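Okay, so here's the structure we're looking at.
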Amino acid sequence: MTHPLQAAIRAQLLAEAEDRDLPLTVVQVESLAATATTAALSTFDPANPKPLLSDEQIGVLVGLALGESVQMTGRRTHLSFHTVRTRRLSVYRALGVQTGSAAVAVAMTHGLLRIPTPSGRLPLPGQHHGGDA
């Protein structure tokens with residue numbers, strides 16, 4: 001049985017591949033989703049179920065989840081190129097990962113990011129979905 005996180009990661013990868021016209025096969029997407037899920041689940045520590053990230057780190061994490069470049073994340077968060085790169089590395093360390101996709105997977109596992117809404121945005125925990133008002 002597939003882990004729910006793997007299904008969420010697969011859906012996000014397929015959506016990103018379609019949005020960016022990336023020539024990914026279903027087999028490639030499944031392999032990437034399985035790898036990201038394994039990385040996310042292997043870093044889970046029951047003693048520390050939710051890593052603490054700063055607001056800047058969360059902003060950079062959202063950028064990773066959205067597939068933004070360092071420059072795009074910097075513009076959105078009002079951080080310099082070098083600060084975004086530094087925050088990415090600190091996010092990786094905090095989550096115990098080495099890649100952006102693994103960081104997103106771990107963040108989803110810990111509830112730091114949610115599965116995309118129909119608008120395609122990744123709301124932070126506690127934010128309402130668009131149109132729910």
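We use all heavy atoms of the structure for the numbers below, so side chains are in, but hydrogens, waters and symmetry mates are not. This structure is a prediction, so every number in the text was calculated from the model and none was measured. Along the sequence shown, residues are numbered consecutively beginning with 1.
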Would you say [X] and [Y] are hydrophobically clustered, going by side-chain heavy atoms of ILVMFWY under 4.5 Å?
{"X": "Met108", "Y": "Val91", "value": "yes"}
{"X": "Leu89", "Y": "Val106", "value": "yes"}
{"X": "Val84", "Y": "Leu53", "value": "no"}

- Give a yes or no on this: more than 12 heavy atoms of other residues, nucleotides or ligands lie within 6.0 Å of atom CD of Gln28.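 Yes.
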- Please walk me through it: do Ile9 and Leu32 pass side-chain contact (heavy atoms from CB on, under 4.5 Å)? CA-CA 9 Å; Ile9 292 169; Leu32 290 168; over 6 Å; no
- Query: Is the backbone N or O of Gly100 less than 3.5 Å from a side-chain atom of Tyr92, with the two atoms forming a donor-acceptor pair by type?
  - Reply: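 Yes: the side chain of Tyr92 pairs with the backbone of Gly100.
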- Message: I'd like to know if the side chain of Thr86 reaches the main chain of His82, judged simply by a donor and an acceptor atom lying under 3.5 Å from each other, with no hydrogens or angles considered.
- Response: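 Confirmed, Thr86 side chain pairs with His82 backbone.
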- In terms of side-chain heavy atoms, does Ser90 have a donor or acceptor partner in Gln57 at a distance below 3.5 Å?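 Ser90 vs Gln57: donor-acceptor pair found between side chains.
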Could you pull out every donor-acceptor pair under 3.5 Å between side chains of residues 58-74 and any protein atom, sequence neighbours left out?
unit_1: Glu68; atom_1: OE1; unit_2: Thr73; atom_2: OG1; d: 2.8
unit_1: Glu68; atom_1: OE1; unit_2: Arg76; atom_2: NE; d: 3.1
unit_1: Glu68; atom_1: OE1; unit_2: Arg76; atom_2: NH2; d: 3.0
unit_1: Glu68; atom_1: OE2; unit_2: Arg76; atom_2: NE; d: 2.9
unit_1: Ser69; atom_1: OG; unit_2: Gln71; atom_2: N; d: 3.4
unit_1: Ser69; atom_1: OG; unit_2: Gln71; atom_2: OE1; d: 3.4
unit_1: Ser69; atom_1: OG; unit_2: Met72; atom_2: N; d: 3.0
unit_1: Thr73; atom_1: OG1; unit_2: Ser69; atom_2: O; d: 3.2

- Message: Using 0.5 Å steps for rounding, measure from the CD atom of Glu56 to the OG1 atom of Thr77.
- Response: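 Those atoms lie 7.5 Å apart.
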- Query: Looking at side-chain heavy atoms only, is the closest gap between Leu24 and Leu13 below 4.5 Å?
  - Reply: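 With C-beta onward as the side chain, the pair stays apart.
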